[in-house]
Amino acid sequence: MTILELIEKKKRGLELSKEEIEYIVDGYTKGRIPDYQMSSFLMAVYFKGMSAEESTYLALAMRDSGDVVDLTDIIGTKVDKHSTGGVGDKVSLVLAPLAAYLGAKLAKMSGRGLGHTGGTIDKLESIPGFKVELPLQKFKDQVNKIGCSIVGQSGDIAPADKKMYALRDVTATVDSMPLIASSIMSKKLASGADAIVLDVKVGSGAFMKTVKDAEELSKLMVQIGEKAGKKVTAILTSMEEPLGHKIGNSLEVLEAIETLEGNGPEDLTEVVSVVTGHLLKHAGIVKNFEEGYKLSYQTLKEGKALPKFYEFVKEQGGDVEFLKDKKNLYGTTKIHVIYAEESGYLETLDALNFGLAACRLGAGRETKDDVIDLFVGLDLHKKIGDKVEKGDKIVTLYHHEKGLKEAIDLIQKSYVIGPKKRELKLIEETING
Ligand code: URA
């Protein structure tokens with residue numbers, strides 16, 4: 001076969017075989033297929049789509065382009081979760097110690113933030129001494145010992161995806177369902193867990209702007225996971241407004257601790273409990289999701305998993321005493337407060353723009369090489385549906401001068417106070433295999 005024939009075949013909307021897809025992925029990763037032909041192939045996929053089988057073969061070929069982590073040394077069912085990315089999404093920071101406290105084995109590889117979305121690894125780096133890179137054996141030993149570990153993704157996980165994603169980024173082929181689904185799943189499948197819960201964000205601050213698109217992506221990812229022999233559940237959760245109140249790396253660690261103490265925001269507590277409920281079910285720790293959900297929610301509210309968080313931080317070299325003095329997590333930032341100029345209800349709180357505002361302050365990267373400021377960010381005092389009186393605090397900005405004016409301008413046009421009390425649906429749907 002030749003790449004030209006395969007581009008032609010996809011251009012006509014025909015289905016490619018496993019061998020053909022492997023030929024393309026391997027050829028591109030090893031440099032036999034040049035960027036211009038791969039771009040053409042990706043554009044053909046963009047317009048003609050792929051079946052669930054083709055998407056699975058693509059995910060598996062991308063998985064096999066690099067290391068596939070062997071977690072068999074870890075005793076019990078290994079669980080993992082993945083978020084498609086959002087604003088204020090600190091679910092993993094709460095969920096890892098919670099799941100571990102309740103008896104699950106969570107061996108998680110996480111990413112860094114890019115654009116308006118944050119990344120768990122950056123957040124963890126705001127804890128002095130915390131090591132986000134561990135030798136594989138130490139990573140597995142830690143999960144066996146305390147039940148959880150979170151590390152950065154190793155360099156050789158799905159290199160085909162790295163190369164293809166960079167090409168998609170510059171050829172307008174990112175927003176293709178089969179390409180997104182296989183990209184995400186290739187990395188998840190390479191990370192070695194037996195069961196995966198996908199938190200698919202939907203709304204202004206998410207990759208998927210509509211429930212219909214989020215549903216299509218979720219179904220495809222669940223199918224890919226199942227065909228690869230994994231237990232997979234996808235949950236569609238709202239990213240219409242940021243999750244919780246705090247956005248920014250150290251501020252999100254602080255909110256994770258508050259949630260583990262039992263005093264977290266209701267939306268964050270709910271999403272963590274739902275995702276953990278499914279993980280516990282997949283791990284066989286509870287009989288069904290409802291039991292897992294209730295156990296997770298109650299454990300959070302009683303603050304029982306907090307010591308596990310400190311154990312996790314200590315195990316990865318982080319300074320627990322620093323965390324226990326919460327004012328450390330504000331760093332040496334300055335404060336600017338935005339007040340309500342009218343009364344009513346908060347009707348809109350645009351997640352995308354709040355994420356971008358945090359980015360302008362330095363909390364996120366606009367390009368991969370940007371250096372971030374771990375201590376700047378935003379604290380939202382009101383959420384959608386809350387009553388607001390003129391003069392109430394809406395947002396506090398924690399800043400180091402950089403980007404302050406731009407962030408204020410963005411925020412000023414990103415919330416609406418009006419007469420309607422709006423109810424946001426937090427959990428849109430659950431898709432099981
Ligand atoms: N995240 C990924 O990992 N891949 C995509 O294609 C899109 C989002």
Side-chain angles (χ1 to χ4, degrees), residues 21 24-25 28-29 38-39 41-43 45-46 49-50 52 54-63 65-69 80-87 89 91-92 108-122 152-191 193 196-210 213-225 228 230 232 234-237 239 351-352 355 364-365 367-368:
I21 289 173
I24 297 170
V25 172
Y28 183 60
T29 313
M38 194 61 177
S39 310
F41 172 74
L42 292 169
M43 193 56 89
V45 172
Y46 179 88
M50 276 185 154
E54 285 177 292
S55 306
T56 306
Y57 297 142
L58 183 58
L60 294 181
M62 286 177 2
R63 175 197 69 182
S65 65
D67 293 341
V68 177
V69 182
D80 195 0
K81 64 80 71 167
H82 176 78
S83 158
T84 55
V87 179
D89 180 0
V91 169
S92 296
K108 179 155 175 51
M109 293 191 178
S110 285
R112 294 189 181 276
L114 186 61
H116 71 282
T117 64
T120 303
I121 292 301
D122 295 327
Q153 204 170 282
S154 95
D156 212 36
I157 293 279
D161 175 61
K162 236 174 249 137
K163 213 173 157 189
M164 283 166 65
Y165 194 87
L167 188 63
R168 286 165 58 206
D169 211 17
V170 292
T171 55
T173 50
V174 168
D175 54 340
S176 146
M177 290 292 172
L179 296 181
I180 297 172
S182 51
S183 161
I184 293 175
M185 292 308 288
S186 66
K187 289 169 284 198
K188 285 289 110 183
L189 297 175
S191 307
I196 304 158
V197 177
L198 302 163
D199 180 2
V200 180
K201 304 285 184 198
V202 55
S204 114
F207 216 51
M208 296 291 127
K209 305 291 181 203
T210 66
D213 283 352
E215 213 174 58
E216 190 183 333
L217 178 69
S218 303
K219 284 184 180 155
L220 195 49
M221 292 196 293
V222 169
Q223 282 176 17
I224 293 173
K230 309 286 180 186
V232 189
I235 303 151
L236 276 58
T237 67
M239 192 35 69
L352 171 63
R365 293 181 188 79
T367 72
K368 266 204 311 242

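This one's a predicted model, so the numbers in the text were calculated from it and none came from an experiment. Atoms within each ligand, like the ligands themselves, are counted from 1 in listed order.
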Chi angles and distances behind the side-chain contact (heavy atoms from CB on, under 4.5 Å) call for Val202, Thr84:
CA-CA 9 Å; Val202 55; Thr84 55; over 6 Å; no

If only side-chain N and O atoms count, and only distance matters, is there a donor-acceptor pair under 3.5 Å linking Ser92 with Lys81?
yes

I would like to know whether Met177 and Asp213 meet side-chain contact (heavy atoms from CB on, under 4.5 Å); could you show each step before the answer?
CA-CA 8 Å; Met177 290 292 172; Asp213 283 352; 3.7 Å; yes

Return the closest protein heavy atom for atom 3 (O) of ligand 1 as residue, atom name and distance.
Lys187 NZ, 2.4 Å

Is there a polar contact between ligand 1 and Tyr165, counting only N or O atoms under 3.5 Å apart?
no

Looking only at protein heavy atoms, which one is nearest to atom 7 (C) of ligand 1, and how far off is it?
Phe207 CE2, 3.5 Å

What are the atoms of ligand 1, with element, lying closer than 4.0 Å to any heavy atom of Ser183?
2 (C), 3 (O), 4 (N), 5 (C), 6 (O)

Under 3.5 Å: donor-acceptor pair, side chain of Lys163, backbone of Tyr28:
yes

Could you walk me through whether Ser204 and Lys209 pass the side-chain hydrogen bond (donor to acceptor under 3.5 Å, both in side chains) check?
CA-CA 6 Å; Ser204 114; Lys209 305 291 181 203; 6.0 Å; no

For ligand 1, which atoms have a heavy atom of Ile184 less than 4.0 angstrom away?
1 (N), 2 (C), 3 (O), 4 (N)

Can you find an N or O of Asp161 that's nearer than 3.5 Å to an N or O of ligand 1?
no

